[in-house]
Q: 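So that we are looking at the same thing, I have put the structure below in structure tokens.
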Number of protein chains: 2
Amino acid sequence: MRPTVHDIAASAGVSLATVDRVLNRRPGVRAVTREKVEAAIETLGYVRDMAAANLAKSRVYPLVFIIPTGDNPFMRGLEAEIAVAGLRSPVDRTRLSVLTVPAFDSAALVEAIDRAVSDVPAGLAVVAVDAPEVAAAIARARSAGVPVVTLVSDLAASGRDHFVGIDNIAAGRTAGSLMGRFLGGRPGPVAVLAGSMLVRDHRERLQGFTAALSQDFEPRVILDVLEGQDDPMLAEELVAICCKAHSDLAGIYSLGAGNSGLVTAISAQGRPIRVIAHELTSHTRSALKAGLIDAVLHQDAGHEVRSAIRVLKAKADGVAVIEAQERIRIDIFLKDNLPLEQAGDVREPIGRDD
Amino acid sequence: MRPTVHDIAASAGVSLATVDRVLNRRPGVRAVTREKVEAAIETLGYVRDMAAANLAKSRVYPLVFIIPTGDNPFMRGLEAEIAVAGLRSPVDRTRLSVLTVPAFDSAALVEAIDRAVSDVPAGLAVVAVDAPEVAAAIARARSAGVPVVTLVSDLAASGRDHFVGIDNIAAGRTAGSLMGRFLGGRPGPVAVLAGSMLVRDHRERLQGFTAALSQDFEPRVILDVLEGQDDPMLAEELVAICCKAHSDLAGIYSLGAGNSGLVTAISAQGRPIRVIAHELTSHTRSALKAGLIDAVLHQDAGHEVRSAIRVLKAKADGVAVIEAQERIRIDIFLKDNLPLEQAGDVREPIGRDD
DNA sequence: AAATTTCTGATTTACGTACATCAAAAAATC
DNA sequence: GATTTTTTGATGTACGTAAATCAGAAATTT
């Protein structure tokens, strides 16, 4: 049987109340007594039964997610997954709420963080914007005792407790490596379609892509980045122009959103172009199946949300996280390993979307 | 606040004891009364607080894993991950035990299953062997009230509650697709190195590989399967012979174990051969880095073990599982997206291993 | 040594459920 | 209608922890 507080009390020769004071850092315990208790905890290998503790406290974990507004399908998918996770809230004693703020607006994000912190939630998950004032706001949250994880987009300088998301440099390198192998000896330049070079994730993906493609393969021209603002219409236009300008275009790496425009543009081309894109959506899925896209790199929003919740609860309890379990993987989908379509999958609106 | 048994009792106009009888299927409740209670449960949306219930019952979940003996590194990795998960047993109220049986010995497996069932564990995870008597044993376990999941190797005919593992046909297809793309227009036959065609997983991988490679790419000769018995020495010998016999050998798909022998054989070749293998181990990792292997398909044993535990607990409680969370993914590793090496990773003995 | 402050013990209630016991009520049987 | 059987209610204890109260002991200060 695992030891209980009673065993600790008996073993340390103190009362239950004192053990409780030590465990919950309540005042009124001499240093020597505290050490006796801690020694007993150590030798007996006591671990607090969180289920019983939470029951006694009737504890709930109010968790706040702060994510960007706008029609970025990945972010909307994230929001949907938070809603799905919310259905399980009664079971896992969480209470999830979502704040949305304009994308890339660091002032608004800072305000949202401060507002969220003011009702002392059990944890905070933030899609970070790369700005010093945001880092400062996160640091404030933590010094107010609120655990913070960054979600999708990291901000290591903030001292956040954990980052939930993929390694974007590795994602870019993977894309570059796949592109190099898929192209084989075939000549011709490669284009890169991004949302905006102002976004850290996109910069990192580009960096990894360029590095892998130029390091491990024969020299190849990488054209100037097309910034499609994650807008399908603009993406389509830019890609079409690019195809016209480069009749020998061999491949395209789309590292942001707006892929439906990309697909429209390349399907109009009568020549094979290798395409690697990000995020599995209904569009990229069907383009994969049709052979218009060769590979899709993907991060699973559901996993990210569940991981954020697990990590925040663990941090709130001061418990260690299982690192291996919380590593968010870069999924590589070909048309041959597509997962079955599910109800919760990202579905996009007609016309303007990913 | 979520409703409790007290709310149900009040709402149904019955006593707490009666609610308890209904909830725990104890006798002594008239059908009409039971229906009243069930209606109240329904309308109030009551869900039993499992944490409190488990506390009251001081319930533990004894779970039994049955896996093959032998030096198959993947299976040993699985065993190691079970041990790691066992460290968390006090926290999640499980008690894990492992039975090992000779590989592919269905009689021994049946005996182990029956033995395990005889002390009525809360659940059973079995690396299944494809035989009718095994299916029957699993069916017996289930009708004895013991939830069963198949692990790594499925046996759908058994009526098991759940399968924890990858889709091996999809894995083979993925390998075929990657091989086709990696080879591009380059001519030459492709070899397949398997453990044994008696194993269902290996058969399925081969099937998927052949289908994808012949369906989506120019015609290519796939040589007769080399059966290396998952033995590095034999694998090395077979591959060396094959290379000698086919001077234009373009690629090798290694769908089983014994990869260290494979690597030795191909590194002796002075020509580039595309290689796709299974399972990330210290050997395949370093071969990836060295460029001797192009891609590794991987299933994460830690995830599989944790998933099996979650699913079995859920089945034991009669609770729904989160399907999306329990899907075991096929990881595709290139040298560019290798995860950091960790303490729990599969390390192989010198000389004879994967 | 007395007064004060700080620590510690003993005890109780609570969280939501499980489970057992015994009495009382209702239904079924004769 | 009396008896037996079945169903229901009332109540208490337990699980492991949290949190509060109050009395008493120990340490510190005067």
Side-chain angles (χ1 to χ4, degrees), chain A residues 1-41 44-61 89-93 95 122 313 316-319, chain B residues 1-38 40-41 44-61 89-93 95 122 316-319:
Chain A
M1 277 314 258
R2 65 192 269 207
T4 73
V5 277
H6 295 84
D7 302 319
I8 304 297
S11 158
V14 300
S15 79
L16 242 153
T18 302
V19 174
D20 183 65
R21 289 178 185 119
V22 172
L23 278 176
N24 295 292
R25 306 185 197 298
R26 269 187 268 279
V29 183
R30 263 187 308 167
V32 271
T33 316
R34 155 166 296 118
E35 278 158 22
K36 265 199 304 187
V37 173
E38 279 163 353
I41 289 176
L44 293 192
Y46 169 81
V47 275
R48 188 208 230 98
D49 183 334
M50 272 300 167
N54 286 342
L55 176 62
K57 282 195 281 203
S58 31
R59 161 152 217 188
V60 291
Y61 299 80
S89 276
V91 176
D92 57 349
R93 305 189 109 84
R95 192 177 61 236
K313 282 179 73 175
D317 291 340
V319 166
Chain B
M1 276 315 255
R2 66 192 269 206
T4 73
V5 276
H6 295 84
D7 301 319
I8 304 296
S11 158
V14 301
S15 78
L16 217 65
T18 303
V19 175
D20 181 66
R21 290 179 184 116
V22 172
L23 277 176
N24 295 293
R25 307 185 195 297
R26 268 186 270 278
V29 183
R30 265 187 307 167
V32 271
T33 316
R34 158 167 293 118
E35 278 158 23
K36 267 198 305 185
V37 173
E38 279 163 353
I41 288 175
L44 293 191
Y46 169 82
V47 274
R48 193 199 299 254
D49 183 332
M50 272 301 166
N54 286 342
L55 176 62
K57 281 195 283 204
S58 27
R59 161 152 215 189
V60 289
Y61 299 80
S89 275
V91 176
D92 56 351
R93 305 188 106 83
R95 193 178 58 237
D317 291 340
V319 166

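Numbers restart at 1 for each chain; the letters A, B, ... are given by sequence-line order, proteins then strands.
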Q: Is any side-chain N or O of A:Arg26 closer than 4.0 Å to OP1 or OP2 of D:dA19?
A: yes
Q: Test of understanding: with salt bridge (charged side-chain N to carboxylate O under 4.0 Å, His left out), list the residues that count as partners of B:Asp7, not counting sequence neighbours.
A: none
Q: Whole Å only: how far is the CD atom of A:Glu35 from the C1' atom of C:dC7?
A: 15 Å
Q: How many Å lie between CZ on B:Arg48 and P on C:dC19, as a whole number?
A: 9 Å
Q: So which atom in A:Asp92 and which in A:Lys313 form the shortest heavy-atom distance, rounded to 0.1 Å?
A: O-NZ, 2.8 Å
Q: Is A:Arg30 near enough to D:dA27 that one of its side-chain N or O atoms lies under 4.0 angstrom from OP1 or OP2?
A: yes
Q: Does any residue of residues 51-58 of chain A have a heavy atom under 4.0 Å from DNA chain D, and if so, which ones, in number order?
A: A:Ala52, A:Ala53, A:Ala56, A:Lys57
Q: Taking only residues two or more places apart in sequence or in another chain, which ones pass side chain to side chain contact (heavy atoms under 4.5 Å, CB included) with A:Ser15?
A: A:Ala17, A:Thr18
Q: Partners of A:Arg26 by salt bridge (charged side-chain N to carboxylate O under 4.0 Å, His left out), sequence neighbours excluded?
A: A:Asp20
Q: Would you jot down, in residue-number order, the residues of residues 11-21 of chain A having a non-hydrogen atom under 4.0 Å from DNA chain C?
A: A:Gly13, A:Val14, A:Ser15, A:Ala17, A:Thr18, A:Arg21
Q: Please give me the minimum heavy-atom distance between B:Arg21 and B:Gly28, naming the atom from each residue.
A: CD-O, 4.2 Å
Q: C:dG16 C1' sits how many Å from B:Leu44 CG, rounded?
A: 15 Å
Q: If you compare all heavy atoms of A:Val19 against all heavy atoms of A:Val14, which two are closest, and at what distance to 0.1 Å?
A: CG2-CG2, 3.8 Å
Q: In this structure, how many angstroms lie between the C1' atom of C:dG16 and the CZ atom of A:Arg59, rounded?
A: 18 Å
Q: Salt bridge (charged side-chain N to carboxylate O under 4.0 Å, His left out) with A:Arg2: which residues, sequence neighbours excluded?
A: none
Q: If you look at every heavy atom in B:Arg93 and B:Ser58, which pair is closest and at what distance?
A: NH2-CA, 4.2 Å
Q: Rounded to whole Å, please give me the gap between CG in B:Asp49 and P in D:dT17.
A: 16 Å
Q: Separation of A:His6 atom NE2 from D:dT17 atom C1', in whole Å?
A: 9 Å
Q: Give the rounded distance in Å between these two atoms: CZ of B:Arg2 and P of C:dC15.
A: 14 Å
Q: Answer yes or no: does atom CZ of A:Arg59 have more than 12 heavy-atom neighbours from other residues, nucleotides or ligands under 6.0 Å?
A: yes
Q: Given atom CZ of A:Arg34 and atom P of C:dG9, what is their separation to the nearest angstrom?
A: 13 Å
